[in-house]
2 protein chains.
Amino acid sequence: MLKLSKKTEYALMAVKFIAKKTDGNSVTAKEISDGYNIPYDLLSKVLQQLTKKKVIKSFQGIKGGYSLSKDPNSVTLIDIIRAVEPNYQITECIKDGSTEKDCTHFNCCMIRDPLAKVQKEIDKLFRSLTIHQIL
Amino acid sequence: MLKLSKKTEYALMAVKFIAKKTDGNSVTAKEISDGYNIPYDLLSKVLQQLTKKKVIKSFQGIKGGYSLSKDPNSVTLIDIIRAVEPNYQITECIKDGSTEKDCTHFNCCMIRDPLAKVQKEIDKLFRSLTIHQIL
DNA sequence: GTTTAATAAGACTAATTTAGTCCTATTTCA
DNA sequence: TGAAATAGGACTAAATTAGTCTTATTAAAC
Ligand code: SF4
Ligand code: SF4
């Protein structure tokens, strides 16, 4: 519990790898996969998700690959986590419009609001850490 | 991912329930279990773990139950989480003395130290939140 | 134009973790 | 001594995560 999934770790490793390549060329999924012993298929999906969320940009075709699409100072940990983990909140019920269908304890729960505050603090922390700072 | 387990939620609910009982009597596991529709056996184990870590104290026998053992201002979120989740860290490798046996990427990993810093910040946040503040 | 090597994406399976159950022992009050 | 509570271990079920397989699409190079 409270663990980051492998997808998040792979995303961070990939972003760091791409960020370190400064010669202007893009990086292929295979290069990253080989370099870090990350399963190729899994990594591919992570890279695709990062692309969708514009953290990186992709180039298709035989000379394709990935490169950063933003300044490393303007991408934060929360951007990466949200890209690969659509529901990263600490409780099931925190998303807007959640009802008793999301949790059997919804109606009797007295810790929902307090935990929502904790979530806000975690968000704040993750939003304050840029990939330039942490990688 | 990054989700608190039910054990942590049950622990928080239980501590809040116990804290609200101000008449001096202790609270039984059954009362909490009935009040919040928490599986009795599971809750019992959570209460036992909280007792072991001295967050609450227990009284055995037919008039037994649980009560807080400390001032709510001196117990923090991290105490509760650590009581019920011995390994709550965001990555597998963060504990002291971890080696390549803990993670296949241990040797090539470039994000371990950065993530250790993130963990420290999370610890700091959880240590700063007392149960009096959040419950 | 065909081949080749890359990204894109969905379905599926395996492995691991979490949640919940069951059962027995021990404690203590009436 | 019986009743009702905590203590704790073993086990099962459910859910999530991790990994695999397969096919389609794209674009450079020949
Ligand atoms: S127990 Fe409370 S805080 Fe946890 S998911 Fe249910 S409603 Fe939300
Ligand atoms: S990938 Fe790196 S950070 Fe993650 S568990 Fe392995 S060694 Fe630790």
Side-chain angles (χ1 to χ4, degrees), chain A residues 1-11 13-14 18 25-34 36-53 56-67 69 81 83-92 102-105, chain B residues 1-11 13-14 18 25-34 36-53 56-67 69 81 83-92 102-105:
Chain A
M1 69 122 241
L2 216 82
K3 219 175 304 194
L4 294 169
S5 75
K6 288 289 178 195
K7 278 167 86 175
T8 302
E9 293 197 16
Y10 295 160
M13 292 164 95
I18 296 168
N25 291 325
S26 61
V27 178
T28 68
K30 190 165 188 312
E31 287 179 81
I32 305 173
S33 158
D34 287 351
Y36 293 155
N37 289 303
I38 301 172
Y40 174 83
D41 294 297
L42 198 44
L43 177 67
S44 292
K45 237 161 275 170
V46 166
L47 290 167
Q48 284 163 30
Q49 290 174 301
L50 289 170
T51 303
K52 267 192 187 167
K53 292 295 170 68
I56 57 179
K57 56 186 170 187
S58 71
F59 306 94
Q60 285 193 314
I62 196 165
K63 279 280 197 178
Y66 299 90
S67 65
S69 62
I81 291 177
V84 298
E85 298 290 343
N87 286 42
Y88 93 99
Q89 64 270 349
I90 56 170
T91 61
E92 205 52 56
D102 296 292
C103 175
T104 51
H105 306 106
Chain B
M1 69 120 241
L2 215 82
K3 217 175 306 194
L4 294 169
S5 75
K6 288 290 179 193
K7 278 166 85 173
T8 302
E9 293 198 14
Y10 295 161
M13 292 164 94
I18 296 168
N25 290 326
S26 62
V27 178
T28 68
K30 189 162 189 312
E31 287 179 82
I32 304 173
S33 157
D34 288 349
Y36 294 156
N37 289 305
I38 301 171
Y40 174 82
D41 293 297
L42 197 45
L43 177 67
S44 292
K45 239 162 271 166
V46 167
L47 290 167
Q48 284 164 30
Q49 289 173 302
L50 289 170
T51 303
K52 266 192 186 167
K53 292 295 171 65
I56 56 179
K57 56 187 169 185
S58 71
F59 305 94
Q60 285 192 313
I62 197 166
K63 280 280 196 178
Y66 299 92
S67 63
S69 62
I81 292 176
V84 298
E85 298 290 343
N87 287 42
Y88 94 100
Q89 64 272 349
I90 56 171
T91 62
E92 205 52 55
D102 295 293
C103 175
T104 51
H105 307 105

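In what follows, chains carry the letters A, B, and so on, assigned in the order in which the sequence lines appear, proteins first and then strands, with residues in each chain numbered from 1.
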[atom2] on [Y] to [atom1] on [X], rounded to 0.5 Å:
X       : Y       : atom1 : atom2 : value
A:Ser26 : A:Ile18 : OG    : CD1   : 9.0 Å
A:Phe59 : A:Thr51 : CZ    : OG1   : 10.0 Å
B:Leu47 : B:Tyr10 : CG    : OH    : 12.5 Å
A:Lys57 : A:Tyr66 : NZ    : OH    : 14.0 Å
B:Leu43 : B:Gln48 : CG    : CD    : 9.5 Å
B:Lys63 : B:Asn25 : NZ    : CG    : 8.0 Å

- State which residues pass salt bridge (charged side-chain N to carboxylate O under 4.0 Å, His left out) with A:Lys3; sequence neighbours excluded, sorted by chain then number.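 In terms of salt bridge (charged side-chain N to carboxylate O under 4.0 Å, His left out), with neighbours along the sequence ignored, A:Lys3 is linked to B:Glu92.
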- Set of salt bridge (charged side-chain N to carboxylate O under 4.0 Å, His left out) partners for A:Lys30, sequence neighbours left out: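 Listed in chain order: A:Asp34.
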- For B:Lys63 and A:Val27, take the nucleotide of DNA chain C holding the closest heavy atom to each; which residue's nucleotide lies nearer the 5' end?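 Its nearest nucleotide lies further toward 5', so the answer is A:Val27.
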Below 3.5 Å is the cut-off: list the nitrogen or oxygen pairs between protein and nucleotides 16-23 of chain C, distance only.
from, atom 1, to, atom 2, distance (Å)
C:dT18, OP1, A:Met1, N, 2.7
C:dA19, OP1, B:Lys6, N, 2.8
C:dA19, OP2, B:Lys6, N, 3.3
C:dG20, OP2, B:Tyr10, OH, 3.0
C:dT21, O4, B:Lys45, NZ, 2.7

- Query: Which heavy-atom pair separates B:Thr8 from B:Glu85 by the least distance, and what is that distance?
  - Reply: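 Between these two residues, the closest heavy atoms are OG1-CG, 3.6 Å.
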- Closest heavy-atom contact between A:Thr91 and B:Glu9?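 Shortest heavy-atom separation between A:Thr91 and B:Glu9 comes out as CG2-OE2, 3.2 Å.
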- Tell me: CD of A:Gln48 to P of C:dA6, nearest whole Å?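 Taking atom P of C:dA6 as the reference, CD of A:Gln48 is at 15 Å.
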Identify the pairs formed between an N or O of the protein and an N or O of nucleotides 2-4 of chain C at a distance under 3.5 Å, and give each distance.
none

- Message: Is it the case that the side chain of B:Ser33 and the backbone of B:Ile38 share a donor-acceptor pair, with hydrogens and angles ignored and the cut-off at 3.5 Å?
- Response: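 Flag set: sc B:Ser33 to bb B:Ile38 pair under 3.5 Å.
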- Task: Under 4.0 Å from any heavy atom of chain A: name the first and the last nucleotide of DNA chain D that qualifies, 5' to 3'.
- Result: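 Nucleotide range in contact with chain A: D:dA18 to D:dA29.
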- Query: Would you say the side chain of B:Met1 lies within less than 4.5 Å of the side chain of A:Ile81, judging by non-hydrogen atoms?
  - Reply: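 A:Ile81 reaches B:Met1 side chain to side chain.
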- Message: Assess the residue pair A:Ser58 and A:Lys52 against the criterion (side chain to side chain contact (heavy atoms under 4.5 Å, CB included)); give the C-alpha distance rounded to whole Å, side-chain angles, the decisive distance to 0.1 Å, and a yes or no.
- Response: CA-CA 9 Å; A:Ser58 71; A:Lys52 267 192 187 167; over 6 Å; no
- Message: Using a 4.0 Å heavy-atom cut-off, does A:Lys52 contact any base of the nucleic acid, only the sugar-phosphate backbone, or nothing at all?
- Response: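 A:Lys52: backbone/sugar contact only, no base atoms under 4.0 Å.
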- Terminal axes of the helix from C:dG1-D:dC30 to C:dA30-D:dT1 (five pairs each): angle between them, nearest 10 degrees: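 So the angle between the two local helix axes works out to 10°.
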